[in-house]
Protein chains: 2
Amino acid sequence: MADVFKALADPTRRAILDGLTENEEQTLFEICSRLYAKHQLSSSRQAISQHVDVLEEAGLVETSRRGRYKIHRINTAPLQPIVDRWLIPTHTTPPDQEEPR
Amino acid sequence: MADVFKALADPTRRAILDGLTENEEQTLFEICSRLYAKHQLSSSRQAISQHVDVLEEAGLVETSRRGRYKIHRINTAPLQPIVDRWLIPTHTTPPDQEEPR
DNA sequence: ACATTACGCAAGTGACTGATTGCATGTCAA
DNA sequence: TTGACATGCAATCAGTCACTTGCGTAATGT
């Protein structure tokens, strides 16, 4: 839950999600080249890979292996709680579901 | 726009927003004591103040002065673009509205 | 007036983050 | 099998972040 927000905190990761909404089923290199084409983002492959890992841990990106390729898909499900939490104020005793540092 | 995500990245700041949905019009000390009561969060006043500043810059919290008190209110408007961006995929040429580092 | 209350400003510190670098692993084609 | 391709793993480093510390300012109460 908390990971979702941290994942969204980085502009590069948000750009990756944008790219994945345009076209499902992308490999790592497709993500890289798309970032460069659309956002003039010249991040290295390793950097993008680490960003993808973060998105994956947050559940925003799901992956599967296809031969030597790693296929990435977006999953917007983890975003729904954001809406439920503040955009639709329930005014019934709100969550005590987090333990900050 | 980008500040909204950074603002939401911290659990303490999210707890502050939770508190503000429970009760509009809170002073800084009210926010502090509410954080401690609900989340056992014993952050200092200065720490909370800095968090509020971040939320304010992101537009998620609006303030006004009333004597020596600073009144805080939540503003969920900046959260709407999040929904529009990924939860309701438009599939019309998506945004090129950010310039990452 | 004077102390108290509520908050602001700014420097310093430890921890985390994003990016780079170098090498390793696994897959496929010729 | 050998080389090219797609990705994984891990250490390192500069920049950022959250928090503390200490002092300052303005409003209120007695």
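Among the protein residues, B:S43 comes within range of no part of the nucleic acid, since none of its heavy atoms lies under 4.0 Å from any strand.
Apart from A:Y69 itself, the hydrophobic cluster it occupies contains A:I71, where clustering links Ile, Leu, Val, Met, Phe, Trp and Tyr at side-chain heavy-atom distances under 4.5 Å.
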Going 5' to 3' through nucleotides 22-28 of chain C and flagging B where a protein heavy-atom sits under 4.0 Å of the base, S where only the sugar-phosphate is that close, and - otherwise, we get B----BS
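With respect to A:K38 and A:D18, no salt bridge is recorded, no charged nitrogen being found less than 4.0 Å from a carboxylate O. A salt bridge does not link A:D10 with B:K6: none of the charged nitrogens is closer than 4.0 Å to a carboxylate oxygen.
The distance from atom CD1 of B:I71 to atom P of D:dA27 is 15 Å, rounded to the nearest whole Å. The distance from atom CD of A:E57 to atom P of D:dG8 is 13 Å, rounded to the nearest whole Å. Here D:dC5 presents its C1' atom at 14 Å from CD of A:E30, a figure rounded to the nearest Å. As rounded to whole Å, 17 Å separates atom C1' of C:dA6 from atom CD of B:E25. Counting to the nearest Å, the P atom of D:dT7 and the CD atom of A:Q26 are 11 Å from each other. Between the CG atom of B:D10 and the C1' atom of C:dT17 there is a distance of 14 Å, rounded to whole Å. At whole-Å resolution of the value, CG in B:L8 and P in D:dC17 are 15 Å apart. We find that CZ of A:F5 is positioned 16 Å from P of C:dT17, with the value rounded to whole Å.
In this structure, B:S49 does not reach the C:dC7 phosphate: none of its side-chain N or O atoms is under 4.0 Å from OP1 or OP2. Side-chain nitrogen and oxygen atoms of B:K70 include none within less than 4.0 Å of the OP1 or OP2 phosphate oxygen of C:dA6. Taking side-chain N and O atoms only, A:K6 has no distance below 4.0 Å to OP1 or OP2 of C:dC16.
Hydrophobic clustering (side-chain heavy atoms under 4.5 Å, transitive across Ile, Leu, Val, Met, Phe, Trp, Tyr) groups A:V61 together with A:L28.
Remark: side-chain polar atoms of B:Q26 are paired, donor with acceptor, to backbone N or O of B:N23 under 3.5 angstrom.
Of all heavy-atom pairs between B:P78 and B:G59, the closest is CG-O, 3.5 Å.
Donor-acceptor pairing under 3.5 Å, judged by distance alone, is absent between the side chain of A:Q50 and the base of C:dT17.
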Identify every side-chain donor-acceptor pair in residues 46-56 of chain A under 3.5 Å, counting partners at least two apart or on other chains, and give the distances.
| from | atom 1 | to | atom 2 | distance (Å) |
| --- | --- | --- | --- | --- |
| A:H51 | ND1 | A:R13 | NH1 | 3.0 |
| A:E56 | OE1 | A:K70 | NZ | 3.3 |
| A:E56 | OE2 | A:T63 | OG1 | 2.8 |

